[in-house]
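Throughout, protein chains are lettered first and strands after them, A, B, ... in sequence-line order, and every chain is numbered starting at 1. Remember, predicted model here, so these are calculated numbers, not experimental data.
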Number of protein chains: 2
Amino acid sequence: MATEYAESILLWQQTFLIGGCLKEKVKARSVPFSKTRNRHANETAEDYVEAVAEIIEESGECRVLDLARHFNVSHVTVSRIVKRLQDQQLLYSQPYRPVDLTPKGAKFAKRVRERHAVVLAFLMALGVDKSSAQIDSEGIEHHVGPKTLAAMKRFLEP
Amino acid sequence: MATEYAESILLWQQTFLIGGCLKEKVKARSVPFSKTRNRHANETAEDYVEAVAEIIEESGECRVLDLARHFNVSHVTVSRIVKRLQDQQLLYSQPYRPVDLTPKGAKFAKRVRERHAVVLAFLMALGVDKSSAQIDSEGIEHHVGPKTLAAMKRFLEP
DNA sequence: AACAAAATGTAGCATAAGCTACGGATAATG
DNA sequence: CATTATCCGTAGCTTATGCTACATTTTGTT
Ligand SMILES: [Mn+2]
Ligand SMILES: [Mn+2]
Ligand SMILES: [Mn+2]
Ligand SMILES: [Mn+2]
């Protein structure tokens, strides 16, 4: 429902971009902010499915505490978010049991991990040291649209 | 106070990065997420001082409603945030009066606008179309550290 | 000056994401 | 098998950012 609301806003703004009347330079200027807010709303889900996939790959299972240490937050914060991602059909979770990805979550994780890998490799190819690239890519990844992602790939393998 | 807390966490993690014991690969991995959360906490302030500077430059004054239209949010959201930024000495504001930048806010705005301009120019130089570059740079700018910013500048003017 | 319109503030609600404190469940160890 | 340690859930608090509805102030127009 949060998603529906956000999408309706974007659709409404699309119409403003098409029909070109008088004072919608302001409207058009607001579109990047709306889209950025949308992307921030997805950010937690993206980081969590990515982390679950990585942790399972590394250690065989993913516990709530693994995620808490991964993100440096309390286990309570993780529990609540896991519950929401379960409602969104991205994760399986039962009380006191390890967390796992649903098929939908696994597909999502695959896309997100690929994009993150491209962004990280791109920054390093650009000459950024690994430590800075790891930090910056952790935030940048969520704001890289398809066009920018394609451009980064072109830069990496010409 | 939120800032002090966040900084104390970062300092604490620094020590973990220096002293290399056993299970702090997990700790080290959590640093990018902590720093990204920090950057998100600054994001609103950055976007607002930037917007205030732009709007004043374009139209002579910046009203609450100008900001509301700029960001596509309600004037109530703007009012509350302006109040906080006033507490942080970034903005001047009196009831029913236009908003202005403090000297501190103006310096901040200068840095933020320059960084945003570099990121936007960089994406376009990379081959991203203007519309996508505008959208993506609006989010990416807040996650570009000094090293990445320097690398982008090198790419732009060699 | 009076009235209407526009801008701004206030009250009250929602959701997301942090936290501590405490209690219950599971797992490891004797 | 009993005990302890670890893990996890729940209750309750906080801050940030969205919203609508309504009140107030300022501004513009008869
Ligand atoms: Mn990631
Ligand atoms: Mn991330
Ligand atoms: Mn921005
Ligand atoms: Mn971001």
Side-chain angles (χ1 to χ4, degrees), chain A residues 1-10 12 23 30 33-48 51 55 59 61-88 91 93-99 142, chain B residues 1-10 12 23 26 30 33-48 51 55 59 61-88 91-99 142:
Chain A
M1 41 192 61
T3 309
E4 294 166 23
Y5 174 65
E7 282 175 2
S8 76
I9 283 184
L10 289 180
W12 170 75
K23 70 173 182 180
S30 78
F33 294 102
S34 299
K35 296 214 173 178
T36 298
R37 280 196 298 275
N38 256 32
R39 287 172 171 175
H40 276 153
N42 281 333
E43 185 159 336
T44 302
E46 291 173 357
D47 281 336
Y48 270 68
I55 291 169
S59 73
E61 68 172 26
C62 176
R63 312 293 311 212
V64 167
L65 267 188
D66 293 326
L67 289 167
R69 285 190 271 258
H70 185 85
F71 292 120
N72 190 31
V73 297
S74 76
H75 75 277
V76 184
T77 298
V78 171
S79 271
R80 198 186 328 99
I81 291 172
V82 164
K83 203 171 295 172
R84 194 179 64 241
L85 298 182
Q86 191 183 20
D87 293 343
Q88 297 173 11
L91 299 181
S93 119
Q94 289 173 336
Y96 298 98
R97 294 282 113 204
V99 175
H142 310 282
Chain B
M1 39 192 61
T3 310
E4 295 166 22
Y5 175 65
E7 282 175 3
S8 75
I9 282 185
L10 289 180
W12 170 74
K23 70 173 182 181
V26 179
S30 78
F33 294 103
S34 298
K35 296 212 174 181
T36 298
R37 279 196 298 276
N38 258 31
R39 286 171 173 176
H40 276 152
N42 280 335
E43 187 160 336
T44 302
E46 292 173 357
D47 281 335
Y48 270 68
I55 291 169
S59 74
E61 69 173 24
C62 177
R63 312 293 312 210
V64 167
L65 266 189
D66 294 326
L67 290 167
R69 284 189 272 258
H70 184 86
F71 292 119
N72 190 32
V73 297
S74 75
H75 74 277
V76 185
T77 298
V78 172
S79 270
R80 197 182 330 97
I81 291 171
V82 163
K83 202 170 296 172
R84 193 178 66 241
L85 299 182
Q86 191 182 20
D87 293 343
Q88 297 173 9
L91 298 181
Y92 293 126
S93 120
Q94 288 172 336
Y96 299 96
R97 295 282 113 208
V99 175
H142 310 281

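- Put simply, CG on B/Leu67 is 15 Å from C1' on D/dT17, counting in whole angstrom units.
- Checking the phosphate oxygens (OP1, OP2) of C/dC19, a side-chain nitrogen or oxygen of A/Ser74 falls inside 4.0 Å.
- If you take CZ of B/Arg84 and C1' of D/dT14, they are 14 Å apart, rounded to a whole angstrom.
- B/Leu67 pairs in a side-chain contact (heavy atoms from CB on, under 4.5 Å) with only one of the listed residues (B/Val82, B/Ile81, B/Val73, B/Asp47), which is B/Val82.
- When rounded to the nearest whole Å, the span between CG of B/Asp87 and C1' of D/dT15 equals 14 Å.
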Q: Using a 4.0 Å heavy-atom cut-off, write out nucleotides 7-13 of chain D from 5' to 3' as B (base contacted by protein), S (sugar-phosphate only) or - (no contact).
A: SBBBB--
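- The stretch residues 74-84 of chain A participates, sequence neighbours left out, in these side-chain hydrogen bond (donor to acceptor under 3.5 Å, both in side chains) pairs: A/Ser74-A/Thr77.
- Rounded to a whole Å, the CD atom of A/Glu61 is 15 Å from the P atom of C/dT26.
- Of all heavy-atom pairs spanning A/Pro98 and A/Glu61, the tightest one is CG-OE1, 3.7 Å.
- In this structure, B/Asn38 contributes its side chain and B/Lys35 its backbone to no donor-acceptor pair below 3.5 Å.
- For A/Phe71 and C/dA16, the CZ to C1' distance is 15 Å, given to the nearest whole Å.
- If you measure from atom CZ of A/Arg37 to atom C1' of D/dC19, you get 12 Å, rounded to the nearest angstrom.
- D/dG18 atom P lies 13 Å from atom NE2 of B/His40, rounded to whole Å.
- In the model, A/His40 has a side-chain atom that pairs as donor or acceptor with a side-chain atom of B/His40 under 3.5 Å.
- When the salt bridge (charged side-chain N to carboxylate O under 4.0 Å, His left out) test is applied to A/Glu46, the partners found at least two apart in sequence or on another chain are A/Arg115.
- Within the 4.0 Å cut-off from OP1 or OP2 of D/dA16, not a single side-chain nitrogen or oxygen of B/Thr44 is found.
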